[in-house]
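Residues: numbered from 1 along the sequence shown. The figures that follow rest on heavy atoms only: side chains count, while hydrogens, waters and symmetry mates do not.
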Amino acid sequence: METFIGYKAYSNLEKEDINQFVENNISSLSLEKRNFIVKQGINCVYKAKKQDLEMLFRALVEEYIEKTNISYHDIDGIIYAPSLDLTNVESLNHIREKSKNAEFVVVDQTCYGSLGAMNIARRLLSHGNKRVIILTELILTSDSERANVNTFLSDGAAILEVNNISGSYKMIDQIELESQDVREDNFLNRFTAMKVVGLTQQVIETILDKNNLDDKEIKLLVPQNTSSHAWDIFCKKISIDREKVYLKNIKDGGHIGGIDTIKNICLLDNEAIQTGDKVLVFAMGVNKTETIWGTLILEKRDYMERFS
């Protein structure tokens, strides 16, 4: 069964200039954190309030319904993949009530969640369903949570449809790796960093080998918007050229959890992607007990989006 990425969108939130953010939080930002912001070229931060999340999800889904000309009853599955925790699940009550026919799944895989949800959506479609939507969000409660030495976080929300009808990208194959040796409590130590590099290399090369592809057949590698420095290191190990790593969206708010994956797929439409080109989507999510790596091969289709 063929599966496709259909409608996709991410929220546009209140935008704060990065210089204003640094000035407002100077007492809590170490020199190392400020240097990271400068080196990554981050020029803004996006902010939302947790009480606004239900409104954000409603707006995303209602726009999806309007632009695709379907009804809530046409949605066969809803996958909620929060980037931080599960405490905001009630923000979907209105959407669940209106989509009574839809199976509801919660994915607790932190920043990997939206890519992991795509794998789950493909399985739901194999059971006779036609379309599944993925909803993801990241909303922090304090500016003190945004900056650390290896990434910078903004707030956001996003939606993506996976279907077995049509779409601008065909989903070719997807794989995942897990390791309980890499967790939140040891993620930044040097020994663990070596494992992260090795498992990143493994998940990328495994999916290429499985599909008899070499690096020349991949137009772009599309990771999360975490750190360009990390990919300077990864690309010394993997076979894909650094120039093919799609990182230009880091400057626009930095890392937004699982929203990155959907946002970057949306913005691929601005790149010189031709029909038949293959892109490799990569994501990673770390939590208290394990880390998950995943890759997804997408192939561009000759398709005019009816909702553009």
Side-chain angles (χ1 to χ4, degrees), residues 3 5 77 79-87 89 104-126 132 134-138 148 150-151 153 158 160 162 171-211 213 218 221-227 230-231 233-240 245 255-262 264-265 279-298:
T3 52
I5 289 180
I79 303 176
Y80 174 51
S83 301
L84 189 60
D85 56 49
L86 303 178
T87 59
V89 68
F104 184 68
V105 179
V106 177
V107 177
D108 186 13
Q109 295 179 326
T110 62
C111 298
Y112 176 72
S114 57
L115 188 59
M118 293 184 204
N119 208 16
I120 295 170
R122 298 175 77 194
R123 293 201 293 269
L124 291 177
L125 292 173
S126 70
V132 175
I134 296 165
L135 292 164
T136 182
E137 49 85 7
L138 174 64
N148 58 50
N150 65 348
T151 196
L153 298 169
L160 181 140
V162 178
M171 304 172 74
I172 302 298
D173 194 16
Q174 186 167 354
I175 65 168
E176 298 176 349
L177 292 176
E178 300 177 9
S179 173
Q180 295 181 349
D181 294 331
V182 182
R183 308 174 303 275
E184 285 181 359
D185 63 354
N186 66 5
F187 189 75
L188 294 179
N189 75 47
R190 180 172 296 184
F191 179 71
T192 304
M194 294 172 61
K195 289 187 175 182
V196 170
V197 173
L199 287 166
T200 298
Q201 176 185 9
Q202 182 179 341
V203 76
I204 290 172
E205 294 186 349
T206 297
I207 198 168
L208 293 179
D209 291 344
K210 181 182 175 186
N211 290 275
L213 296 171
I218 298 298
L221 190 158
V222 184
Q224 296 149 306
N225 305 326
T226 51
S227 164
W231 285 95
I233 297 171
F234 293 153
C235 287
K236 292 177 181 178
K237 293 289 186 180
I238 64 176
S239 57
I240 295 176
V245 183
H255 182 36
I256 319 179
I259 292 88
D260 283 357
T261 299
I262 297 175
N264 289 341
I265 293 173
V279 298
L280 181 61
V281 181
F282 169 89
M284 178 173 64
V286 58
N287 60 36
K288 293 179 180 179
T289 60
E290 66 179 0
T291 296
I292 305 174
W293 288 256
T295 47
L296 166 67
I297 298 172
L298 299 177

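The shortest side-chain heavy-atom distance between Phe234 and Val197 falls under the 4.5 Å cut-off. Within the 4.5 Å cutoff, the side chain of Val107 has no heavy atoms near those of the Tyr112 side chain. When side chains are defined from C-beta on, Trp231 counts as touching Thr200, because their heavy atoms get closer than 4.5 Å. Side-chain atoms of Gln224 and Thr151, non-hydrogen and from C-beta on, never get closer than 4.5 Å to each other. For the pair Ile265 and Met118, the minimum side-chain heavy-atom distance is below 4.5 Å. Looking at Ile238 and Leu221, their side chains come closer than 4.5 Å, going by heavy atoms from C-beta outward. Annotation: side chain of Ser114 is not in contact with side chain of Ile259 (no heavy-atom distance under 4.5 Å). Inter-residue side-chain proximity for Val286 and Val196 is flagged as unmet; no heavy-atom pair is nearer than 4.5 Å.
Atom CG of Leu84 and atom OG1 of Thr110 lie 9.0 Å apart (nearest 0.5 Å). Rounding to the nearest 0.5 angstrom, the gap separating the CD1 atom in Ile207 from the CD1 atom in Ile297 is 4.0 Å. Note that CG of Asn150 is 9.5 Å distant from NE2 of His255, once rounded to the nearest 0.5 Å. A distance of 9.0 Å separates CG in Leu213 from CG in Leu280, rounded to the nearest 0.5 Å. Here Ile262 contributes atom CD1 and Ile134 contributes atom CD1; the two are 6.0 Å apart, rounded to the nearest 0.5 Å. Note that CD of Gln202 is 5.0 Å distant from CG of Leu177, once rounded to the nearest 0.5 Å.
Between the Gln174 side chain and the Leu115 main chain, a donor and an acceptor come within less than 3.5 Å of each other. Using a distance-only test at 3.5 Å, with no hydrogens or angles considered, no donor-acceptor pair links the side chain of Asp260 to the main chain of Pro223. Between the side chain of Thr136 and the main chain of Ala81, a donor-acceptor pair closer than 3.5 Å is present. Checking side-chain atoms of Asp209 against main-chain N and O of Thr206 turns up no donor-acceptor pair under 3.5 Å.
Nearest heavy atoms, Val162 versus Ala121: CB-CB, 3.8 Å. When all heavy atoms are compared, the tightest approach of Gly257 to Cys111 is CA-SG, 3.7 Å. The shortest non-hydrogen separation linking Glu137 to Pro82 is OE2-CB, 3.5 Å.
Residues passing the salt bridge (charged side-chain N to carboxylate O under 4.0 Å, His left out) test with Lys237, sequence neighbours excluded: none. With sequence neighbours excluded, the residues satisfying side-chain hydrogen bond (donor to acceptor under 3.5 Å, both in side chains) with Thr192 are Asn189.
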**Prompt:** What's the verdict on side chain to side chain contact (heavy atoms under 4.5 Å, CB included) for Asn287 and Asp108, showing C-alpha distance, side-chain angles and the deciding distance?
**Reply:** CA-CA 9 Å; Asn287 60 36; Asp108 186 13; 5.9 Å; no
**Message:** Could you walk me through whether Val203 and Ile175 satisfy the side chain to side chain contact (heavy atoms under 4.5 Å, CB included) test, starting with their C-alpha distance in whole Å, then the side-chain angles of each, then the deciding distance to 0.1 Å, before giving a yes or no?
**Reply:** CA-CA 7 Å; Val203 76; Ile175 65 168; 4.0 Å; yes
**Item:** Working for side chain to side chain contact (heavy atoms under 4.5 Å, CB included), residues Glu178 and Thr291
**Value:** CA-CA 6 Å; Glu178 300 177 9; Thr291 296; over 6 Å; no
